[in-house]
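Only this structure's heavy atoms are used, side chains among them; waters, hydrogens and symmetry mates stay out.
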Amino acid sequence: MMPERTAIARLFPTDAAGKAFTTLLERRLFGDDGTIRGAWLLRPQERCEAVKDYILFDHDGVLVDTEFWYFKSAELALMEAGFTLDKDQYLRDMARGSGSWAQAKTAGIDDRTLSRVREARNGYYQEYLRTEAIEIDGVVDTLAEFSKYVRMAIVTTAKRADFDIIHERRQIRQFMDFVIVREDYELAKPQPEPCLAGLKRFGAAREETLVVEDSARGLASAVAAGIDCAVVHDEFTKAGDFSRASYRIDSLSELKDILLEVG
């Protein structure tokens with residue numbers, strides 16, 4: 001008897017049931033000529049190495065599906081003030097870092113009214129965060145896999161109050177070394193300051209790091225900071241200019257093909 005067959009026979013009882021199971025297992029493992037089927041079973045486990053050591057994740061649109069709801073909140077609040085927010089212009093304004101209220105200011109809405117509108121927007125947005133389905137399928141599993149190979153953090157323009165609501169009952173934060181929110185820096189994306197703050201917290205070099213974004217504004221921040229950027233598809237921000245992205249992906253799970261070298 002081949003040594004492999006002998007080893008298998010010793011694993012199971014010698015009664016009728018044990019012998020029957022052993023025979024079935026042998027048929028699955030060995031061909032008619034005695035060769036082992038699926039020789040991959042005997043190979044050493046493949047070893048993965050990351051081509052980057054650190055990942056700085058954007059938050060909204062990358063880890064949670066909130067971009068649309070932020071726009072919807074502003075749209076609703078401005079509608080109550082008698083102004084219709086144009087989505088395409090909103091996206092262009094956000095890409096430039098002009099904020100949600102650029103159109104309203106151009107139309108002559110005064111600061112006092114905008115202050116009231118901003119407060120209403122914040123209330124609507126937080127209600128959406130509590131009630132709408134904002135999970136993105138596969139994110140938690142992907143982060144769990146990446147945590148074996150790289151260190152990760154979140155760098156976001158989200159305000160701390162909103163971020164905390166989002167993550168009251170979610171599992172994303174456990175994989176992150178730290179989180180940088182809007183209150184933690186002065187100049188927001190598309191300026192490089194948020195990405196550079198992430199590098200500083202890690203003590204990382206630019207070439208060791210990958211930024212993951214979904215918007216033209218976030219990409220511009222990464223490019224200005226001199227860091228490679230992967231842009232993940234987001235239906236709401238898909239019309240942006242992503243020509244300077246190092247990588248384009250449809251889902252976060254595709255990062256594995258970029259991030260890991262199998263040897």
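When side chains are defined from C-beta on, L63 does not count as touching I136, because their heavy atoms never get closer than 4.5 Å. You'll find the side chain of E207 stays beyond 4.5 Å of the side chain of I227, heavy atoms only. No side-chain heavy atom of V51 sits under 4.5 Å from any side-chain heavy atom of L260. Using a 4.5 Å heavy-atom cutoff, the side chains of K256 and F146 are in contact. In this structure, the side chains of L210 and Y54 stay at 4.5 Å or more apart for every pair of heavy atoms. The closest side-chain heavy-atom distance from I166 to T66 is below 4.5 Å. Under the 4.5 Å side-chain criterion, counting only non-hydrogen atoms from C-beta, D214 is in contact with D58. Here the side chains of E135 and D65 are not in contact, with every heavy-atom distance at 4.5 Å or above.
Within a 6.0 Å sphere centred on CD of E119, other residues, nucleotides and ligands contribute 12 heavy atoms or fewer. For E186, the CD atom counts as loosely surrounded, since its 6.0 Å shell holds 12 or fewer non-hydrogen atoms of other residues, nucleotides or ligands. Under a cut-off of 6.0 angstrom, the local environment of NZ in K159 is crowded, with over 12 non-hydrogen atoms contributed by other residues, nucleotides or ligands.
Following chains of ILVMFWY side-chain contacts shorter than 4.5 Å, one cannot reach M152 starting from V211, and the two form parts of different hydrophobic clusters. Each of L196 and M176 belongs to its own hydrophobic cluster when Ile, Leu, Val, Met, Phe, Trp and Tyr are linked at side-chain heavy-atom distances under 4.5 angstrom. By the criterion of side-chain heavy atoms lying less than 4.5 angstrom apart, applied directly or through intervening Ile, Leu, Val, Met, Phe, Trp or Tyr residues, Y125 is grouped together with L114 in one hydrophobic cluster. In this structure, F175 is not a member of the same hydrophobic cluster as F178, with clusters built from ILVMFWY side-chain heavy atoms closer than 4.5 Å. Note on F68 and F163: same hydrophobic cluster, where clusters join Ile, Leu, Val, Met, Phe, Trp and Tyr whose side-chain heavy atoms are under 4.5 Å apart, directly or indirectly.
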field: Pair F236-F71, ring-ring contact (aromatic ring centres under 6.0 Å, His included): steps then yes or no
entry: CA-CA 10 Å; F236 187 73; F71 165 77; 5.6 Å; yes
query: When you look at Y70 and Y128, which way does the ring-ring contact (aromatic ring centres under 6.0 Å, His included) test go after all the steps?
result: CA-CA 9 Å; Y70 194 73; Y128 286 138; over 10 Å; no
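Between the side chain of T209 and the main chain of A205, a donor-acceptor pair closer than 3.5 Å is present. Side chain of R182 to backbone of Y185: a donor-acceptor contact under 3.5 angstrom is found. Proximity of a side-chain donor or acceptor of T156 to a complementary backbone N or O of H59 within less than 3.5 Å is not detected. Put simply, the side chain of E254 gets close to the backbone of D250: a donor and an acceptor are under 3.5 Å apart. Side-chain atoms of E145 do not come within 3.5 Å of backbone N or O of T142 as any donor-acceptor pair.
Scored by the ring-ring contact (aromatic ring centres under 6.0 Å, His included) test, F57 finds no partners at all (sequence neighbours excluded).
Side chain to side chain, D86 and Q103 fail the donor-acceptor criterion of an N or O pair below 3.5 Å. A donor-acceptor pair shorter than 3.5 Å can be found between the side chains of Q89 and D93. For the residue pair Y124 and E75, no side-chain donor N or O sits within less than 3.5 Å of a side-chain acceptor on the partner.
Here D184 pairs with R160 in a salt bridge; the nearest charged N to carboxylate O distance falls below 4.0 Å.
Results of the side chain to side chain contact (heavy atoms under 4.5 Å, CB included) test with W69 over T131, L129, I134 single out I134 as the only residue that passes.
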